[in-house]
2 protein chains.
Amino acid sequence: MEFAVWLLGIRSGGKQIIVVDNEDASQLGIHSSDRVEVTYKDKHITAIANVASEFPKKTLGIYGEVYDKLQVQNGETVTVRPAERPESIGYIRDKIGGRRLRPHEVKAIILDVVERHLSDIEVASFVTSLYIHGTSIDEVEALTNAMVETGKTVDFGKSPILDKHSIGGVPGDKTTILVVPTVAAAGFTIPKTSSRAITSPAGTADRVEVLCPVDLTGEEMRSVVKKTNACLAWGGALDLAPADDLLIQVEYPLSIDPLLLPSIMSKKRAIGAEYVVVDIPTGRGAKIKTIGEAQTLAQDFIELGKRLGMNIQCAVTFGEQPIGYAIGPALEAREALSTLMGKGPVDLVNKAASLAGLLFEMMGSNDGAQEAKSIIKSGKAEKKLREIIAAQGGDPDVKPEDIEVGHETLEIRAEEKGNVQWINNRAMAQIAREAGAPKNRGAGVLLSKKLGDKVQEGDVLYTIFSENKQKLDSAVQLAEKLNPLGVTGKFGEKMLIDRIPTKKVSYEKPFILER
Amino acid sequence: MEFAVWLLGIRSGGKQIIVVDNEDASQLGIHSSDRVEVTYKDKHITAIANVASEFPKKTLGIYGEVYDKLQVQNGETVTVRPAERPESIGYIRDKIGGRRLRPHEVKAIILDVVERHLSDIEVASFVTSLYIHGTSIDEVEALTNAMVETGKTVDFGKSPILDKHSIGGVPGDKTTILVVPTVAAAGFTIPKTSSRAITSPAGTADRVEVLCPVDLTGEEMRSVVKKTNACLAWGGALDLAPADDLLIQVEYPLSIDPLLLPSIMSKKRAIGAEYVVVDIPTGRGAKIKTIGEAQTLAQDFIELGKRLGMNIQCAVTFGEQPIGYAIGPALEAREALSTLMGKGPVDLVNKAASLAGLLFEMMGSNDGAQEAKSIIKSGKAEKKLREIIAAQGGDPDVKPEDIEVGHETLEIRAEEKGNVQWINNRAMAQIAREAGAPKNRGAGVLLSKKLGDKVQEGDVLYTIFSENKQKLDSAVQLAEKLNPLGVTGKFGEKMLIDRIPTKKVSYEKPFILER
């Protein structure tokens with residue numbers, strides 16, 4: 001059928017979408033979300049149809065992405081016909097039915113995700129099925145390979161390549177900013193890519209961006225690594241596993257992440273990582289609640305690593321409170337820098353040393369954590385971080401006090417004396433976000449007390465930082481409501497931990513594991 | 001945040017969609033598919049955000065559905081803020097996790113489906129979860145009630161109300177056009193609503209539309225029923241279970257229908273049906289393959305009926321070949337009319353009489369099928385059908401030969417002698433659709449031979465009807481490829497039934513059960 005083109009002048013953010021009136025759709029024999037083949041001169045593309053009512057007849061509305069491919073002008077004629085249903089839909093249907101998919105079937109699905117041949121409905125159903133039925137290790141391997149094969153890779157021309165990843169979930173976890181320079185200072189290559197916050201107050205990319213630019217191209221990344229043996233780049237600009245970026249758009253609203261392992265491992269593989277330490281923060285208030293769960297996840301990482309030719313070690317770390325004292329991009333960048341300069345909290349130093357140490361031991365060291373600690377103590381890690389900052393285009397002489405944090409602050413004080421019995425990670429993260437993090441880099445929370453600390457009535461428990469008064473007020477209100485830090489006389493004396501209201505008021509998303 | 005409105009001038013077909021640039025989205029703290037609350041003067045609505053790239057900044061693109069609610073003009077200012085996540089998302093999340101939902105939770109989800117507060121992703125995930133985990137009878141009941149409560153109902157002021165439903169899947173099944181006048185001729189009230197074809201060559205509404213208008217309003221339907229005790233209306237215009245119309249848009253592309261029972265039963269309940277016979281065509285080539293499956297489905301219908309205060313009887317009918325000889329709206333309308341006039345195929349008469357007979361027996365008859373047969377034989381059913389046609393605005397004196405069928409025809413003849421060993425329902429349906437049905441009413445297939453019939457070389461097996469040469473050619477090509485009717489000397493002599501190609505070329509949708 002022939003249609004006159006109408007350039008809608010909007011972009012979908014990637015998807016190739018066309019719009020037709022419902023009468024035309026019925027004549028074409030298509031429904032909303034069906035695929036059509038659009039032909040203009042010698043160019044063909046497959047697009048997803050949106051069926052609209054009261055749309056001009058015999059008119060094909062096209063999104064920017066379709067224009068990019070066809071280069072057709074307003075009013076010109078194109079031919080539209082129903083496209084064959086891609087093979088991958090049959091495999092998605094099989095997965096809904098609980099069948100294990102073969103590697104070439106997984107590849108077909110991932111390819112169609114990347115080429116935008118699948119609708120949101122089909123992708124959502126695939127992801128839901130993966131979640132409900134679970135994925136076999138063969139499927140996980142195939143998903144990982146497919147994600148790598150459909151993305152870009154970066155070759156640093158060096159070996160071995162070391163890497164570090166945390167599944168996240170603990171606010172204030174700026175460990176990467178310490179681990180990377182420590183490992184690089186020991187002479188190893190560690191080209192680290194990180195994500196920005198999705199649901200947290202700061203991702204590593206957000207934290208590092210306070211110190212220097214992070215959106216490097218593959219070429220820039222190679223050059224930084226050549227100079228410094230390391231980098232602290234944002235992974236998002238590198239197109240390493242575009243399938244993952246698309247799949248997460250579906251996983252996020254559903255708060256499920258069946259693709260956690262392929263998502264993480266495809267990005268490691270794309271940069272050629274050979275030795276990887278994976279941090280699994282565990283405990284009440286972390287994403288992984290029990291050691292048992294952590295061990296299962298660790299086994300999966302290790303097994304998948306073997307299949308991909310990567311050496312993986314997993315660290316189960318204490319995840320029941322924030323790491324260090326600072327939460328929020330600028331506050332955390334400041335704390336990380338101070339810590340490398342010798343004035344940081346012991347838990348942060350220990351965590352960084354443990355993780356770097358595991359990598360050192362994989363490379364032959366007898367006491368990796370000790371080695372890592374001395375590198376940090378010696379100032380070599382600080383020097384290396386400053387090299388990286390310089391190579392990425394930041395100020396290598398930056399001092400912690402140069403880093404600007406929110407000027408609107410409010411201290412939350414203890415109403416009774418006792419010990420800090422619990423800190424609610426999620427509530428702390430929500431308060432920091434309400435104060436403006438990660439968008440407002442200076443916003444966040446600075447703890448004064450941590451688990452087990454003695455508290456006198458009137459002591460400052462934590463301070464909320466914001467860049468404007470309104471957000472500060474809003475964060476303070478939330479803090480009063482959430483009560484994220486508990487002080488009591490003795491463990492267990494105060495028995496009522498929480499009240500469950502009769503009616504859930506609104507649904508809050510569970511954590512999504514970070515990638 | 002404030003935005004200037006841009007009326008996009010397109011409609012989504014129901015969804016309330018707004019479009020924002022991705023930078024604005026990030027400032028709002030929303031992702032694609034998140035909900036936002038849009039306020040203009042004293043009007044608020046919840047809409048689903050589409051995040052676009054390269055969209056004008058601080059501009060809110062709005063679809064027609066949003067305009068309808070807000071009545072805002074181009075360039076006017078509206079306030080946008082992230083909406084609270086609806087409670088129902090938590091319940092969907094629970095269902096993904098396999099939890100049985102409580103009635104008020106099901107209601108919340110269905111309400112948010114109807115009010116368009118859920119994105120395609122969320123609805124797709126819900127439907128996929130229902131399919132994979134299955135639905136308990138409590139959930140099915142709750143889904144049915146929720147679908148009724150969120151739709152319109154029609155009260156005929158009469159009792160008892162009888163009804164008939166087929167889950168479909170067998171081409172040429174025009175039984176309803178016989179059952180409804182037969183039941184009404186016996187003095188019972190049977191206000192039948194039917195659907196149009198989704199994947200088949202003709203739905204009952206398509207067939208009846210050849211004889212008279214079918215898109216009645218609730219008021220018109222009441223008036224037809226008052227006059228004739230019956231109607232043959234299209235259900236789509238009545239808004240009886242709007243949730244179902246929305247959910248099917250998700251089920252269709254996935255080729256799954258976990259909501260079959262609520263979908264069917266909600267529409268029966270909405271018209272106050274008290275005695276219902278459900279036809280379950282069964283066999284190779286039907287949707288339900290075995291008697292065992294049919295019995296399970298029947299038990300579910302009956303149990304659900306009890307809970308809803310409806311008397312259900314199920315008929316498992318032979319579904320291995322088309323009913324009668326005609327496939328396609330006009331060919332079938334003609335055959336149905338001829339049959340009521342005494343010149344029809346025996347299987348069609350028997351099927352209609354059995355189904356009407358079950359209803360008669362529910363009303364106290366001792367031999368319902370015999371009673372139905374005599375009503376048909378006496379011409380009373382024909383007379384009643386003509387009354388219904390007249391009441392709905394058609395020509396009550398229509399003769400079978402007045403009904404125009406496609407003028408482009410081609411006869412397919414036997415290449416060898418023997419018996420008809422098999423007829424492939426699905427292939428026949430595809431051929432009829434390729435010839436133009438149901439859009440072209442005169443298109444379809446007319447069988448000359450059915451299962452077990454003796455065939456001589458050169459005998460006509462079936463004739464393809466089309467309204468234009470091109471579609472006829474295309475249908476003939478498909479017929480040659482699909483070989484939908486098998487003639488062999490003796491059952492079982494010809495051993496090769498089908499060849500499985502090494503590579504599946506493209507995925508074809510399995511049946512969706514009709515509603």
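Throughout, a chain's letter reflects where its sequence line sits, starting with A, and its residues are numbered from 1. The basis for the numbers below is simple: all heavy atoms, side chains too, and nothing from hydrogens, waters or symmetry mates.
Heavy atoms from other residues, nucleotides or ligands lying under 6.0 Å from CD of B/E37 number more than 12.
Interface residue B/V250: backbone and side-chain heavy atoms are both found under 4.5 Å from chain A. When heavy atoms are compared at a cutoff of 4.5 Å, B/E122 approaches chain A by way of both its backbone and its side chain. Using a 4.5 Å cut-off between heavy atoms, B/Y63 contacts chain A through its side chain alone, with no backbone atom that close.
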How far apart are the C-alpha atoms of A/D34 and B/Y252, what are their side-chain angles, what is the distance that settles it, and do they pass the side chain to side chain contact (heavy atoms under 4.5 Å, CB included) test?
CA-CA 10 Å; A/D34 274 349; B/Y252 167 76; 4.0 Å; yes
Assess the residue pair B/L8 and A/L8 against the criterion (side chain to side chain contact (heavy atoms under 4.5 Å, CB included)); give the C-alpha distance rounded to whole Å, side-chain angles, the decisive distance to 0.1 Å, and a yes or no.
CA-CA 8 Å; B/L8 294 174; A/L8 295 174; over 6 Å; no
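Scanning both residues, B/R93 and A/L254, for their nearest heavy atoms gives CD-O, 3.1 Å. Here the shortest heavy-atom pairing between A/P253 and B/I89 reads O-CG2, 4.4 Å.
Rounded to the nearest 0.5 Å, atoms CD1 (B/I96) and OG (A/S129) are 10.5 Å apart. For the atom pair A/I121 CD1 and B/D120 CG, the distance stands at 4.0 Å (nearest 0.5 Å).
By number of non-hydrogen pairs under 4.5 angstrom with chain A, the leading residue of B/I132, B/I92, B/N50 is B/I132. When each of A/S125, A/S119, A/A52 is checked for heavy-atom pairs under 4.5 Å with chain B, A/S125 comes out on top.
Judged purely by distance below 3.5 Å, without hydrogens or angles, the side chains of A/T128 and B/T128 never pair a donor atom with an acceptor atom.
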